[in-house]
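This report refers to the structure that appears directly beneath it.
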Amino acid sequence: LTDVYTVYGITLYSSIPLDLPTRGQGTLGEIQLRTATASFFADAVRGVPLGQLDGSWYEFAHFSDGASYARWDGVGEFFVSGNGRLVLCRQFDAATTESFQVYLLGQALSFALVQSGFEPLHATCVVIDGDAVAFLGNSGFGKSTLAACFLQSGYRILTDDLLLLQTNSGQVVAYPGPARIKLFPPDARRFLGSESRSVPMNTATQKLIIPLDGERRWLTPVPLRVVYSLSRSDDTDSSTIRVEPLSPRQAFLELLKNTFNRRIVDPSRLMRQIQNASRLAGLLPVRRVSFPWISSRVPAIQEAILFDLSSQASEISACVN
Amino acid sequence: MDLSSGRRVVVSSQQVSCGLGSEAAILNLKNGVYYGLDPIGARIWSLLQQPRTVAELRDILISEYEVGASQLQADLQELVSRLAENQLVEIVD
């Protein structure tokens, strides 16, 4: 049995029930998701050296035909075909369905997206006045926490973690991801209240997966208005929050740094990456938000971003007038 | 590095570059390392999109920037040497 789902503008034909919209049609591409047995995966990687980053619980391999293998202990393993059109997966017994789907629809799917010719970004996106506003930053820099603060103020989330963009006639369009956010328990309680349903992400982190209901998620593609790169300062004595534009070169580097999948590094992918990042750097305002990381200051960071957005709107209006 | 008058500087086929406003970035496809060029470096890189000698580069740039010939020659030699060390250009006879 196959169900049809939409995420990141992609149609997924899946034999696995997914917590994704079944309405609408992903127009950017099609990917098949299928389960496979433990013996299939054992055969696939037999004799193949698995790469592993120091201290990581993530193992991966690449095959000469472009196919990829990835595995997370306690979660599951995934095989992605060389053309990116097929993802085979196996959920480990210890994993919750929610945790497995986070990796399936994030890390594992990123291999398929890259192999299909897309360049996903590691970003969280909220919708403000009908436009997407993206937050870039290393893991732990507060992208999701800031998005949760926006949620508390009544804004909706377009995607948390993986952002797929497409350029149409000079306009950059951002596509919706799975309707969930990943937060640490104190941030979840603070911004979303104690009534939020949640599931632990995995045994290595306290992060929670929190599903977003209809009032908190945005389900349709929207133009991307601006990208904010979060720059966290260790100087907690300073209370200054600064928002400043980045030069095209700085913007290019920020976009490159926040590419979602860094494991695929064949020349054709690298060439596409540089072309994509330079195109986006020319089309999008990319601005740096520098702030001391004090959790009580998150609403002030939100306020600074909203002020910056309104200032930009005023500048545009002034130019038009 | 021998950059004497007859030798030409040719961009490597194992790189790809892009303009970023007045600056530029180059990606070495062999090792996946990115390099940034400031506006003057980006101008020189654009001139290198066709093979040229350092002397030819110097003759073009001397009219574009307020710089002495010896200083320009030294700066060019240093930049071209660094580009070659990082396999972004080749020096050919």
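Reminder, nothing fancy here: chain letters follow the sequence lines and each chain counts from 1.
Atom CG of residue N31(B) and atom CG of residue L270(A) lie 9.5 Å apart, to the nearest 0.5 angstrom. How far CE of M271(A) is from CD of Q15(B): 9.0 Å, rounded to the nearest 0.5 Å.
Listed by sequence position, Y34(B), G36(B), L37(B), D38(B) are the residues of residues 33-42 of chain B in contact with chain A, using a 4.5 angstrom heavy-atom cutoff.
Within 6.0 Å of CZ on R85(A) lie no more than 12 heavy atoms contributed by other residues, nucleotides or ligands. Summarising the local packing, OH of Y65(B) is surrounded by more than 12 heavy atoms from other residues, nucleotides or ligands at distances under 6.0 Å.
C18(B) approaches S278(A) most closely through the heavy-atom pair SG-CB, 3.5 Å.
Counting only residues at least two apart or in different chains, salt bridge (Lys or Arg N to Asp or Glu O under 4.0 Å) contacts with residues 106-125 of chain A comprise E119(A)-R269(A), E119(A)-R272(A).
In this structure, E23(B) and P248(A) have side chains that are not in contact, with every pair of non-hydrogen atoms separated by 4.5 Å or more.
Between chain B and the residues L256(A), D266(A), V265(A), L253(A), the largest count of heavy-atom pairs under 4.5 Å involves L256(A).
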